[in-house]
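To keep things clear, I will list the structure first and then write my remarks on it.
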Amino acid sequence: MVQLELSPKEFDLFRRYIYEKVGISLSDQKSTLVQGRLNKRINQLGLNSFREYYDHLVTDTSGDELTFFISAISTNVTSFFREVAQWKWLENYLPALVASKREKKIRIWSAGCSSGEEPYTILMFLQHHLSDFDQWDIKILATDISAKVLSKAIAGEYEAKQVEALPKEISLRSFEKVRGDTQISYQVLPHLREKVLFRLYNLVTDPFFFKNKFDMVFCRNVMIYFDDTTRHDLIGRFSTLLPKGAPLFLGSSESLTTHRETLKLLGSSIYQRL
Ligand SMILES: C[S@@+](CC[C@H](N)C(=O)[O-])C[C@H]1O[C@@H](n2cnc3c(N)ncnc32)[C@H](O)[C@@H]1O
C-alpha cells in the first residue's frame, strides 16, 4: 500500500472543513493520525491523493463520507454504566426527582449516545430503582452524529461479554439471548427499546428544536473534540433545556470554566441547573 504524505496545507483543508461541518477542532498533533486513517480510506476508494479524497468528501451529498471521516478521527468508545460515581449520585438524587413529579413522566436526553449503551443504561438504572417503573411514562431522546453507531443502537444488540459483566438482577430483566450461527449475543428487551427515540443529530450545527425541558441531560465524552467557543455555546443551550435543580452530566475528564451563574458543580462532572 502506497503511503501518501499529508502536507500542512492539505491538513488545513480537512481541519477547516470538519470544524465548519461538525465543530470538531483538530490540533496540529492530529495530522499524523489523519494521515494514517485517510491513507487507508484513499486506498479503499482507489483514489490517488488527499486532494482527490477532499473533493470526494465535500461533494458527497449523502453525508456517508462525512460520517466515515468523523469516525476515523474521533472515537465512539462507550460502555454500560460508564462513570460509576455518576450512577451512585443519581441513586441519591432519584427520590427527590420522583417526589417532585405530579405526573409520572420523565424525559431525558442522551446527547452523543454512540452505540446506545448510555441511553439503555439510564433505562436499566430506572427499572432497577423505581419499584413502579412500568407505571412511568419514560422517554429518552438519544442522538448522535454518526448513522453507523445509531443503527447499532437501534438494533440494541450487544456482545455477550458486555452483557454478562452486568449484575444478573439487571441483565435478566433487560436483555434476551440471541443465538447466532457462531456466537451468542444479547438484545435489549422491547419494553426498554421502545422508550428510546434515536435520532441523527449534529450538536453543533443542527437547530435546537425542543419545545419542552428535560429532567436531565447527558453529554458525556462528546465535547472533548470541540473548541472553547463551540463548547460554550452548546452548554449555554443545554442550560436552557434544564429546569432549576436538574443535572447535566459530562464525561469525567470534562469540566466547565464558564456558565458558573447557571450551572453549579456538584462533583464527578455533574452540574446542577441553578
Ligand atoms: C466517545 S463517544 C461517547 C458516548 C457516550 N456519551 C459515553 O460517554 O459513553 C462520543 C460520541 O459523540 C459523537 N459526536 C461527536 N461529535 C458530535 C456532534 N457534533 N454531534 C453529535 N454527536 C457527536 C460521536 O459520534 C460519538 O458517538
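Numbers here simply count residues along the sequence, with the first being 1. When a ligand or atom number is given, it counts from 1 through the structure's own listing order.
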Which of the atoms in ligand 1, numbered in the order shown and given with their element, are less than 4.0 Å from a heavy-atom of [X]?
| X | answer |
| --- | --- |
| S114 | 4 (C), 27 (O) |
| V22 | 19 (N) |
| L203 | 18 (C), 19 (N), 20 (N), 21 (C) |
| V204 | 19 (N) |
| N202 | 18 (C), 19 (N), 20 (N) |

Exercise. Look at K104 together with D132 and state whether they make a salt bridge at an N to O cut-off of under 4.0 Å.
Key: yes
Self-check item: R41 to Y53, cation-pi by 6.0 Å centre distance and 45° axis angle
Solution: no
Practice problem: Decide whether a cation-pi geometry holds between K161 and F80; the criteria are a distance under 6.0 Å from NZ or CZ to the six-membered ring centre and an angle within 45° of the ring axis. | Solution: no
Quiz prompt | Option set I24, I145, I70, criterion heavy-atom distance to atom 22 (N) of ligand 1, minimum | solution = I145
Heteroatom distance test ([X], ligand 1): nitrogen or oxygen, under 3.5 angstrom:
| X | answer |
| --- | --- |
| G112 | yes |
| R220 | yes |
| E118 | yes |
| N76 | yes |

Self-check item: Y201 near ligand 1 by a heavy-atom separation under 4.0 Å
Solution: yes
Practice problem: Please round to the nearest 0.5 Å and tell me the distance separating atom OH of Y120 and atom CD of Q127. | Solution: 13.5 Å
Exercise. Calculate, to the nearest 0.5 Å, the distance between atoms OG and CZ belonging to S100 and R102 respectively.
Key: 10.5 Å
Quiz prompt | Within 6.0 angstrom of K21 NZ, more than 12 heavy atoms from elsewhere | solution = no
Practice problem: Going by the side chain to side chain contact (heavy atoms under 4.5 Å, CB included) test, name the single residue among L141, I140, L192 that passes it with P119. | Solution: I140
Quiz item: What are the two closest non-hydrogen atoms of L203 and G112, and how far apart are they?
Solution: CD1-N, 4.5 Å
Quiz item: For ligand 1, is any non-hydrogen atom under 4.0 Å from T205's backbone (N, CA, C, O), its side chain (CB onward), both, or neither?
Solution: neither
